[in-house]
Amino acid sequence: MLDIRFVREHTDKVIEALKKRGYPADTIEGLLSIEKRRRELIRVVEEEKQQRNRLSQEIGRLKKEGRDASHLMHQARMVSERITKKDAELRELEESAKKELLLIPNIPHESVPIGEDERENVEVRRWGDIPEFTFEPKNHWDVGESLGILDFERAGKIAGARFVLYKAEGALLERALINFMLDLHTREHGYTEVFPPLLVNRDSMTGTGQLPKFEDDLFKVEGERGFLLIPTAEVPVTNIHRDEILNEDDLPIYYTAYTPCFRREAGSYGKDTRGLIRQHQFNKVELVKFVRPEDSYDELESLTVDAEEVLKRLNLPYRVVTLCTGDLGFASAKTYDIEVWFPAQGRYREISSCSNFEDFQARRAGIRFKRKGKKGTEFVHTLNGSGLAVGRTVAAILENFQQEDGSVIIPEVLRPYMGIDKINSKLKAQN
RNA sequence: GGAGGAGUGGCCGAGUGGCUUAAGGCGGCGGUCUCGAAAACCGCUUCCCGAGUAAUCGGGACGCAGGUUCAAAUCCUGCCUCCUCCGCCA
């Protein structure tokens, strides 16, 4: 959420920034006219409240002295009635201003390249050697199915399309990756592990920006409580500190969380219909930071490096791209995508998305901090990134480390977690 | 699911309609004292909104949402959360 004061004081800047995202500017004008009426009404209603307070005080004094106050009481009732009416009007204005404000995306950072869509994202670096194959590399789902470690057919029977059943070494690989990632981030990168609720309320979804705009992307649980399944651990973990005032000394706060994630994937029919890339349920290890505003861009760099380190240790080739203004997520001011190499597709594909939201989420969620020796509060900056999406990491391992005989070599760092160095058909699970 | 009890500033805690401008304490910050520290003493210390360059002024917030009243932390209704006991349960 943008600061309404910033919007009215720097209107041109806001409109220009949003234009870069392809966001229509006319809603800003509507918002500002509501805001203008809101402030006028506040002035009027507060004057009347002051009058009511004075009258009430006077009534109290007269009554204590045992004198008649009915004349003043009548007068006060009239004022109160006016206040009730205007307060309701004011509440309506505030609600519609908030409603508009919640739908306006964040302003891109000045370093973000201007562009329309993902074709104009800018590559910033590459790491690792793209593997050369003496045979035609197979898709990860073919590798997985013939090893008997991924079963899409039965998952379809159990749940439906876009689900997978991991079996034997497949399930083991998934679990090993989760543990490896969490261990790396907690032991070497200084993150605190948390395991949050997977169902959240609407306030939490609004705090991080999924609501009200992206309701269609979310799974809902039937019932009067209105729970929503998390599409990412970003939601529950960022909301850990919702409506809190932190001390400057508490910052920065780093959390890492493994959670399953649930996404409707509405509107992506026909995209990645096979394989692990786009599932309704997938595992992810997430990194979340709460930092001081002046540190947030350095923190974005180190967050991205922390996520990249997972791929380096797994020896998976990747590149990092800066998302252009047109491809930037709703809440983000700047995002780096990390893309891992998929040999069968012959291209890099997203495996992590690392974003600085500046104070956009903090303002929605009321996450503030107090500076030492200073009055008042400021919003923290929040960041998060995948470190990494686990299913896609499995897919990348299966594709990059597949052998001609159909087996898959396990990256060395995972061997202590798995107790094997290779998945091959001899170990193939029972069918 | 049933029966009770409770939610007040960073924390503890007083407050049953107007002497509350939310007491008092703890913690924190600054000062006096001291070689330095502790102790003691003095002062400052919730947040949000509006107006103002500012000092400041005004309004609002006592779990949340309504209501009664000239006036609500206080009374009424609904909801949420936590605690205790009973029942059920991985």
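Heavy atoms only: backbone and side chains are in, while hydrogens, waters and symmetry mates are out.
Within 6.0 Å of the CD atom in A/Q57, the count of heavy atoms belonging to other residues, nucleotides or ligands does not exceed 12.
Nucleotide B/C62 forms a pair with no other nucleotide shown, judged by Watson-Crick or G-U wobble geometry with both contacts under 3.5 Å. In this structure, B/G50 and B/C57 make a Watson-Crick or G-U wobble pair, each of the two defining distances being under 3.5 angstrom. Summarising the base pairing, B/C44 is matched to B/G28 through a Watson-Crick or G-U wobble pair whose two defining distances lie under 3.5 Å. Under the Watson-Crick or G-U wobble criterion, with both distances below 3.5 Å, B/U20 is left unpaired in every strand shown. In a base pair of the Watson-Crick type (N1 to N3 plus N6-O4 or O6-N4) or a G-U wobble (N1-O2 and O6-N3), with each distance short of 3.5 Å, B/C85 is matched with B/G2.
Sorted by first and then second residue, the side chain to side chain donor-acceptor pair (under 3.5 Å) pairs involving residues 322-331 of chain A (not counting sequence neighbours) are A/N121-A/D327.
Atom P of nucleotide B/C49 and atom CG of A/L41 are separated by 18 Å, given to the nearest angstrom. For A/L93 and B/C49, the CG to P distance is 17 Å, given to the nearest whole Å. Residue A/R364 contributes atom CZ, which lies 20 Å from atom P of B/C48 at whole-angstrom precision. Atom NZ in A/K370 sits roughly 13 Å away from atom C1' in B/C44 (whole-Å rounding). One interatomic measurement links the two molecules: CD1 of A/I83 to C1' of B/U69, which rounds to 13 Å at whole-angstrom precision. Distance CG (A/L90) to C1' (B/G50): 11 Å, rounded to an integer number of Å. For A/I245 and B/U45, the CD1 to P distance is 16 Å, given to the nearest whole Å. We find that CD of A/E47 is positioned 18 Å from P of B/C57, with the value rounded to whole Å.
Under 4.0 angstrom from either OP1 or OP2 of B/G50 there lies no side-chain N or O belonging to A/K49. Side-chain nitrogen and oxygen atoms of A/R54 include none within less than 4.0 Å of the OP1 or OP2 phosphate oxygen of B/A71. For the pair A/S56 and B/G17, the criterion of a side-chain N or O lying under 4.0 Å from OP1 or OP2 is not met.
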Without placing hydrogens or testing angles, list every side-chain donor-acceptor pair under 3.5 Å for residues 89-105 of chain A, not counting sequence neighbours.
from: A/S96; atom 1: OG; to: A/E92; atom 2: O; distance (Å): 3.1
from: A/S96; atom 1: OG; to: A/L93; atom 2: O; distance (Å): 3.2

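Nucleotides B/C19 and B/A71 have their C1' atoms positioned 15 Å apart, rounded to a whole Å. To the nearest whole angstrom, the two C1' atoms, one in B/C76 and one in B/U21, are 28 Å apart. Taking atom P in both B/C47 and B/G52, the straight-line distance is 23 Å, to the nearest Å. Nucleotides B/G18 and B/A22, compared at atom P, are 14 Å apart to the nearest Å. Between the P atoms of B/A14 and B/G87, the separation comes to 33 Å (whole Å). A distance of about 13 Å separates the P atoms of B/G24 and B/U46, rounded to the whole Å. Comparing the P positions of B/C75 and B/G30 gives an interatomic distance of 42 Å, to the nearest angstrom. On the P atoms, B/G28 is 16 Å away from B/A37, given to the nearest whole Å.
Shown here are the side-chain contact (heavy atoms from CB on, under 4.5 Å) partners of A/R61, two or more places apart in sequence or in another chain: A/E58, A/E65. Residues passing the side-chain contact (heavy atoms from CB on, under 4.5 Å) test with A/R39 are A/R8, A/E35, sequence neighbours excluded. Legend: residues meeting ring pair (Phe, Tyr, Trp, His ring centres under 6.0 Å) with A/Y254, ordered by chain and number and at least two apart, are A/Y191. Partners of A/H241 by ring pair (Phe, Tyr, Trp, His ring centres under 6.0 Å), not counting sequence neighbours, listed by chain and number: A/Y255, A/F290. Residues that satisfy the side-chain contact (heavy atoms from CB on, under 4.5 Å) test with A/D203, not counting sequence neighbours, are A/N201, A/R242. Residues satisfying the side-chain hydrogen bond (donor to acceptor under 3.5 Å, both in side chains) criterion with A/D217, sequence neighbours excluded, are absent altogether. In this structure, the side-chain contact (heavy atoms from CB on, under 4.5 Å) partners of A/K19, at least two apart in sequence or on a different chain, are A/I15.
Between A/T84 and A/L55, the residue anchored nearer the 5' end of RNA chain B, judged by the nucleotide with its closest heavy atom, is A/T84. If A/I4 and A/R368 are placed on RNA chain B by their nearest nucleotide, the residue sitting closer to the 5' end is A/R368.
Looking at heavy-atom distances under 4.0 Å, A/R5 makes contact with sugar-phosphate atoms alone, never a base. Residue A/R61 is out of contact with every strand shown, counting any heavy-atom pair closer than 4.0 Å. Among the protein residues, A/K63 comes within range of the nucleic acid bases, having at least one heavy atom under 4.0 Å from a base atom. Looking at heavy-atom distances under 4.0 Å, A/N53 makes contact with sugar-phosphate atoms alone, never a base. A/S70 comes within contact range of no nucleotide atom at all, as no heavy-atom separation falls under 4.0 Å.
Using cut-offs of 30° and 60° for the angle between ring planes, the A/F163 and A/H280 rings count as tilted.
By the 4.5 Å heavy-atom criterion applied to side chains, A/P231 and A/C261 are not counted as neighbours. For the pair A/L177/A/V285, no side-chain contact is recorded, criterion being any heavy-atom separation below 4.5 Å from C-beta on. With a 4.5 Å cut-off on side-chain heavy atoms, A/E358 and A/F379 do not count as touching.
Which of B/G50, B/G58, B/C70 sits closest to the side chain of A/Q50 comes down to B/G58. Counting only heavy atoms from C-beta on, A/I59 has its side chain closest to B/G18 among B/G59, B/C49, B/G18.
Interface remark: the A/E46 side chain does form a donor-acceptor pair with the B/G58 base, using a distance-only criterion of under 3.5 Å.
Within residues 71-79 of chain A, the residues having any heavy atom closer than 4.0 Å to RNA chain B are, in order of number, A/M73, A/A76, A/R77.
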Collect all protein-nucleotide pairs involving nucleotides 75-83 of chain B in which both atoms are nitrogen or oxygen and the distance is under 3.5 Å.
from: B/U81; atom 1: OP1; to: A/R225; atom 2: NH2; distance (Å): 2.9

Look for any protein N or O under 3.5 Å of an N or O in nucleotides 51-55 of chain B and output each such pair with its distance, or none.
from: B/A51; atom 1: OP1; to: A/R39; atom 2: NH1; distance (Å): 2.8

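Side chains of A/H381 and A/S296: a donor-acceptor N/O pair is present below 3.5 angstrom, by distance only.
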